[in-house]
Amino acid sequence: MMYVRPKKSLGQHFLTDINIARDIVDAANISKDDIVVEIGPGNGILTRLLAGRAKKVIAIEIDERLIDKLRDEFGSFNNIEIIAKDALQFPFNEIEGRFKVAANLPYYITTPIIFHLLESRDRIISMTLMMQREVAERIVAAPGGKDYGVLSIAVQFYAEPALNFIVPSSAFFPKPKVESAVVSFRILDKRRVEVLDEGFFFKVVRAAFSQRRKTLRNALRSANLPMITDDALDSAFTKTGIDPKRRGETLSIAEFAKLADTLFCHTSS
Ligand code: SAM
């Protein structure tokens, strides 16, 4: 493939280590019946390996320079479809059938693309995504540590993420400034916990983390949640048995759900 000058603005750090590419494809657990969606095929290092294992690969690339080259290179493959589009705008729910996602993500869109994909979660079987290590650690974090926050909860609400392995920056050209990690996400059949109102649940979660050093009570008070008085807050702490002096970062998703549901009943009573 001809050389294309990497564009930093498009997060172009191309994988040069074929063994790591193989490890990613192994982690994606692809079989001959699978449709695989790849975000940002770049020069096609993963695309080629994926196509060797899957029924079909749909590769979405934003950079026109790479599109021409990918179409040249994979023109003879009957199971690779190259789509020239911004993955953030791509309607994943219009793909026919359920699919797996595999990608070495452009790191400037890691979080928005994960959220965009999760909107189509009923179509997705699993996702195997390489991203910056720091974001990977936040995604898989458990309650109690500094990495646990809104991102951990937003992902774990719909999926079971696992950090597969760390990738050194020497595996890319040009080298990124940070280490990378491969995370696999199994999409849950239903949300991790049932909540009365998902929007309100996430408002409570965001409020709890908006000032991480405050106690839960103070963080929620100063967030001015709609229609939540101090009395309503105190009564919710009593009802749920959650200590108002705890910090948000110590609450499990189930505890957040209990607290949010109890508060939500106040807003509608
Ligand atoms: N898969 C290749 C590899 O492993 O070497 C390239 C990975 S590189 C980190 C990210 C790729 O995503 C680049 O090819 C870049 O052009 C592409 N990209 C960046 N922004 C994109 C977007 N919004 N939609 C689709 N592709 C994008």
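Computation of the quantities below employed the complete heavy-atom set of this structure, encompassing side-chain atoms and omitting hydrogens, waters and symmetry-equivalent molecules. Every value quoted in this text rests on a predicted model; they were computed, and no experiment measured them. Just follow the structure's listing: the first ligand is 1, and inside any ligand the first atom is 1.
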**Q** At a 4.0 Å threshold, what atoms of ligand 1 neighbour a non-hydrogen atom of Ile45?
**A** 3 (C), 4 (O), 5 (O)

**Q** Please state which protein non-hydrogen atom is closest to atom 24 (N) of ligand 1 and give its distance, to 0.1 Å?
**A** Ala87 N, 2.8 Å

**Q** Write out the residue and atom name of the closest protein heavy atom to atom 16 (O) of ligand 1, then the distance separating them to 0.1 Å.
**A** Glu61 OE2, 2.6 Å

**Q** Scan Ile242, Thr238, Thr240 and name whichever one has a side-chain contact (heavy atoms from CB on, under 4.5 Å) with Thr262.
**A** Thr240

**Q** May I ask whether Tyr108 has any heavy atom positioned less than 4.0 angstrom from an atom of ligand 1?
**A** yes

**Q** Just checking Phe157 against Phe201, ring centres under 6.0 Å apart?
**A** yes

**Q** Taking it one step at a time, do Phe264 and Phe200 satisfy ring pair (Phe, Tyr, Trp, His ring centres under 6.0 Å)?
**A** CA-CA 7 Å; Phe264 187 70; Phe200 187 76; 5.5 Å; yes

**Q** Please check if the distance between the ring centroids of Phe92 and His116 is under 6.0 Å.
**A** yes

**Q** Quick one: does Leu105 get a heavy atom under 4.0 Å from ligand 1?
**A** yes

**Q** For the NZ atom on Lys177, are there more than 12 heavy atoms of other groups (residues, nucleotides or ligands in this structure) within a distance under 6.0 Å?
**A** no

**Q** Which atoms of ligand 1 sit under 4.0 Å from any heavy atom of Lys85?
**A** 24 (N), 25 (C)

**Q** Which residue from Asp17, Asn104, Ile109 reaches closest to atom 10 (C) of ligand 1 through any of its heavy atoms?
**A** Asn104

**Q** Step by step, would you call Arg212 with Glu249 a salt bridge (Lys or Arg N to Asp or Glu O under 4.0 Å)?
**A** CA-CA 7 Å; Arg212 294 185 74 113; Glu249 67 195 35; 3.2 Å; yes

**Q** For atom 6 (C) of ligand 1, which protein heavy atom lies nearest, and how many Å away is it?
**A** Gly40 O, 3.4 Å

**Q** Taking the side chain as every heavy atom from C-beta outward, state whether Leu216 and Leu259 have any pair of such atoms under 4.5 Å apart.
**A** yes

**Q** Run the numbers for me: atoms of ligand 1, each under 4.0 Å from some heavy atom of Gly11, listed by number.
**A** 8 (S), 9 (C), 10 (C)

**Q** Look at atom 27 (C) of ligand 1 and say which protein heavy atom is nearest, naming residue and atom and giving the distance to 0.1 Å.
**A** Ile62 CG2, 3.5 Å

**Q** Using a strict 4.0 Å cut-off to heavy atoms of Gln12, name the atoms of ligand 1 that fall inside it.
**A** 13 (C), 15 (C), 16 (O)

**Q** So which atom in Val183 and which in Ala136 form the shortest heavy-atom distance, rounded to 0.1 Å?
**A** CG2-CB, 3.5 Å

**Q** Are any of the N or O atoms of Asp86 closer than 3.5 Å to those of ligand 1?
**A** yes

**Q** Is Gln89 near ligand 1, meaning one of its heavy atoms is under 4.0 Å from it?
**A** no

**Q** Crowded around Lys203 NZ? As in, over 12 foreign heavy atoms under 6.0 Å?
**A** no

**Q** With heavy atoms of Glu38 as the reference, note each atom of ligand 1 found under 4.0 Å away.
**A** 1 (N)

**Q** Can you tell me if Lys7 has a non-hydrogen atom under 4.0 Å from ligand 1?
**A** no

**Q** May I ask you to decide whether Arg138 forms a salt bridge with Glu134, counting only side-chain N to carboxylate O separations under 4.0 Å?
**A** yes

**Q** Less than 4.0 angstrom from a charged side-chain N to a carboxylate O is my criterion; do Asp34 and Arg53 meet it?
**A** no

**Q** Among all protein non-hydrogen atoms, which one is nearest to atom 2 (C) of ligand 1, and what is the separation to 0.1 Å?
**A** Pro41 O, 3.3 Å

**Q** Quick one: look up the protein heavy atom nearest atom 5 (O) of ligand 1 and list residue, atom name and how far away it is.
**A** Leu15 N, 2.8 Å

**Q** Could you tell me whether Arg192 atom CZ has more than 12 heavy atoms of other residues or ligands within 6.0 Å of it?
**A** yes

**Q** Please identify which atoms of ligand 1 are closer than 4.0 Å to at least one heavy atom of Ile60.
**A** 25 (C), 26 (N)

**Q** Identify, for atom 19 (C) of ligand 1, the protein heavy atom at the shortest distance, and state residue, atom and that distance.
**A** Leu10 O, 3.1 Å

